[in-house]
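Every chain is numbered from 1 and lettered A, B, ... according to where its sequence line falls, protein lines coming before strand lines.
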Number of protein chains: 2
Amino acid sequence: MSTTNKPTAKQVAHAAEVSLSAVSRAFSPNAPIHPEKRKRILAAAEAIGYISPARRTAEVIAEGTITLVAGDLLNPFYPTVLDLLARRLQESGRQLVVYALPANSDVDAATDQILASRPSAVIVTSAQLTSKMARACRQHQIKVVLLNRVQRDIRINAVACDNYQGGRDVGRLLLERGHRKIGFIGGVANTSTHAERARGFREVLAEAGVSTHAQSLGDFEYPGGYVAGQTLLSMKDPPSAIFCCNDIMALALIDVARERGVRVPEDLAVVGFDDIPMASWNAYRLTTVRQPVELMVQEALGLIDDTNIKPTDDGITRMLTGSLVLRNSV
Amino acid sequence: MSTTNKPTAKQVAHAAEVSLSAVSRAFSPNAPIHPEKRKRILAAAEAIGYISPARRTAEVIAEGTITLVAGDLLNPFYPTVLDLLARRLQESGRQLVVYALPANSDVDAATDQILASRPSAVIVTSAQLTSKMARACRQHQIKVVLLNRVQRDIRINAVACDNYQGGRDVGRLLLERGHRKIGFIGGVANTSTHAERARGFREVLAEAGVSTHAQSLGDFEYPGGYVAGQTLLSMKDPPSAIFCCNDIMALALIDVARERGVRVPEDLAVVGFDDIPMASWNAYRLTTVRQPVELMVQEALGLIDDTNIKPTDDGITRMLTGSLVLRNSV
DNA sequence: CGACAAAGTGAAAAAATTTCAATGTCAACG
DNA sequence: CGTTGACATTGAAATTTTTTCACTTTGTCG
């Protein structure tokens, strides 16, 4: 038989063994219907591939929506991304929905909320996205792009600065300037930004027969960097140069140094990563690795807009090179 | 005559003198219909008050959406607001859409785009709201709340820190510390934040028989503040204290001072406004007026959620008091 | 226990969407 | 200069969906 016509509500009704009315109600947000029943109907509809006309237009309207899942909006690097992203999307008539994930929030709950709004794509800058989220998005035909994150265990699209290379560049710079007692202030251990930057940095040092003189974790934020800086600078034999895994922590370190009368760069060389606006401020003049934010945003949108890439495809990773910005902290 | 039932597509069809099919098509985003005709039908539908069922469900779905129109995400004050707002909304199952407005545009340009997504409310932290936008929102039953902005010419809801009082507090502080040559670095002339802070500040000075020793505008951003700072500090008889209209400019001023060997606070007292995170950093330790961001966000959402307040009502202004935070820059 | 409200239901009525054949328009072509 | 065909647009009719309405069930309160 197979009169392969579009699926209708009647078919769903039959499949779910309910009345036609019930099917219609299942798709109306405020209609009186038992939640269980609605769930059953929605499941049946999904199986058959039925979408109510109302839902269909709603989806077309929501088509231009891209959701950004951001972890740490207080790190000035992310507002830069956010600002750029919002502008680019507006130019193409789309809009940006922002989810600020609190530090130790329930990611799964957020996942449901995010999916409920049916964005056409999700951009994730937050570290704590579970593979559940990735799977759920795939199922719902929603593209996911990680921005400034790479995750090896999940096959997912990602755009990031080449953190490994950046780490190498910093290491090389410090070696060239003659430093041998070199310290490192890391971010959060299980993030790709931390791991890759640390790896590149350590490898270059190792190649020159130098090992990290001292290190500490600073969780990517000012207070953490401040504490880590205090730890390293109170050592009996403190490092003469410190690479901080991001700019905010580098600024905190400079503040610690300032407080202790340690001169930067004479007594201590400091290098950061990101090139946030404050890095160029006079109080700091921080040498750092600039992330090509504009390009990164562009690439991320490119991955989303490329119709050859399907949400269910294996992930593509676009690696962009950062550039060392020499200022006065080295 | 007055069988006052809900308006149907048939009535619209009759009013617009088109077929029933056409009305349906006018409401389907991708349906084949002459744009002119669609416009005519949509106008007729609006007049009658007809909403297609598809559109209706779409609206219910979008119900939990609040749009933030932000101008300057690169001023660290706004990410704080954004972060808080996104969290609060998530807690109540709603979501935040962000529009980043280019620096000098008014809201008008984005009005259509903003209204197209039919948010249940709009929060504006940026720029000028035109009466056109206010009218449009009123018409569409969308609540508008200005945050950190007050506009006297339009009757609209607003939540803001008491900038006038904050300006007074700063002025009084500087007078108490014995300063008489007091400078001022302003933001953007026609903004309420600039105007009110300046007014309170000047009034207190005037009451003590002191007039502003020198002043300059810095457009609320770091580079502007930097230039303004240079201007004031290169005077033959520079001020001994300067009030900057926001923190970012105050930090820029401190950087200028640092560069010129002008000691803060010994040679120059600096006060800002906002209390952004960097103000408490060691490099600056800026004395400033803290805006009660958490309260402001809460009040803004309160205005939105209060069902007694209708979108068409006259505006309510909630003024919250800021608090002087004494650090080491005075 | 009985009255009553609230929630949920299917059949049928009402309304909206989609199909389909027809019409008009316009540019390319013979 | 007429013909052809592709294409967009249309209204009537067919189909599909939504809503109404009368009824049932369930649980609560007096």
Other residues, nucleotides and ligands only: do more than 12 of their heavy atoms fall within 6.0 Å of CZ on A:R155?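 12 or below, so no.
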More than 12 heavy atoms of other groups within 6.0 Å of A:E91 CD: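 Atom CD in A:E91 is crowded, with more than 12 foreign heavy atoms closer than 6.0 Å.
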Can you find a heavy atom in the side chain of [X] that is under 4.5 Å from one in the side chain of [Y]?
{"X": "A:T193", "Y": "A:R149", "answer": "yes"}
{"X": "A:Y99", "Y": "A:V122", "answer": "no"}
{"X": "B:I41", "Y": "B:I33", "answer": "yes"}
{"X": "A:K143", "Y": "A:L303", "answer": "no"}
{"X": "A:I114", "Y": "A:V97", "answer": "no"}
{"X": "A:T80", "Y": "A:D83", "answer": "no"}
{"X": "A:L96", "Y": "A:L82", "answer": "yes"}
{"X": "B:C161", "Y": "B:L320", "answer": "no"}

Between [atom2] on [N] and [atom1] on [X], what's the gap in Å once rounded to a whole number?
{"X": "A:Q11", "N": "D:dT17", "atom1": "CD", "atom2": "C1'", "value": "14 Å"}
{"X": "B:K10", "N": "D:dG11", "atom1": "NZ", "atom2": "P", "value": "16 Å"}
{"X": "B:R40", "N": "D:dT9", "atom1": "CZ", "atom2": "P", "value": "14 Å"}
{"X": "B:H14", "N": "D:dG11", "atom1": "NE2", "atom2": "C1'", "value": "16 Å"}
{"X": "B:I41", "N": "C:dA16", "atom1": "CD1", "atom2": "C1'", "value": "14 Å"}
{"X": "A:E17", "N": "C:dT9", "atom1": "CD", "atom2": "C1'", "value": "16 Å"}
{"X": "A:N30", "N": "C:dA7", "atom1": "CG", "atom2": "C1'", "value": "14 Å"}
{"X": "A:H34", "N": "C:dA7", "atom1": "NE2", "atom2": "C1'", "value": "10 Å"}

Name the nucleic acid region contacted by B:R56, choosing base, sugar-phosphate or nothing; use a 4.0 angstrom heavy-atom cut-off, strictly under.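 Contact class for B:R56: sugar-phosphate only.
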For the side chain of A:I33, counting heavy atoms from C-beta on, which of D:dT16, C:dT9, C:dA16 is nearest?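 Ranking D:dT16, C:dT9, C:dA16 by closest atom to the A:I33 side chain puts C:dT9 first.
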Given D:dT9, C:dA16, C:dT9, identify the nucleotide with an atom nearest to the side chain of B:T8.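 Looking only at heavy atoms from C-beta outward on B:T8, the closest nucleotide is C:dA16.
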Stems where DNA chain D pairs, listed by first number, each of three or more Watson-Crick or G-U pairs under 3.5 Å: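 Expected stems, ordered by start: C:1-30 with D:1-30.
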Say you draw a straight line from CZ of B:R152 to OG of B:S192; how long is it, rounded to the nearest 0.5 Å?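 Result: 8.5 Å between the selected atoms.
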Hey, can you pull the residues of residues 18-25 of chain B with a non-hydrogen atom under 4.0 angstrom from DNA chain D?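 Listed by number, they are B:S19, B:S21, B:A22, B:R25.
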Please list, in numerical order, the residues of residues 42-54 of chain B that have a heavy atom closer than 4.0 Å to any atom of DNA chain C.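 Those residues are B:Y50, B:P53.
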Test side chain to side chain contact (heavy atoms under 4.5 Å, CB included) on A:I123 and A:I304; report intermediate values, then the result. CA-CA 9 Å; A:I123 296 178; A:I304 287 169; 3.8 Å; yes
Phosphate OP1/OP2 of C:dG10: any A:K37 side-chain N/O under 4.0 Å: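 Checking A:K37 against C:dG10: at least one side-chain N or O falls below 4.0 Å of OP1 or OP2.
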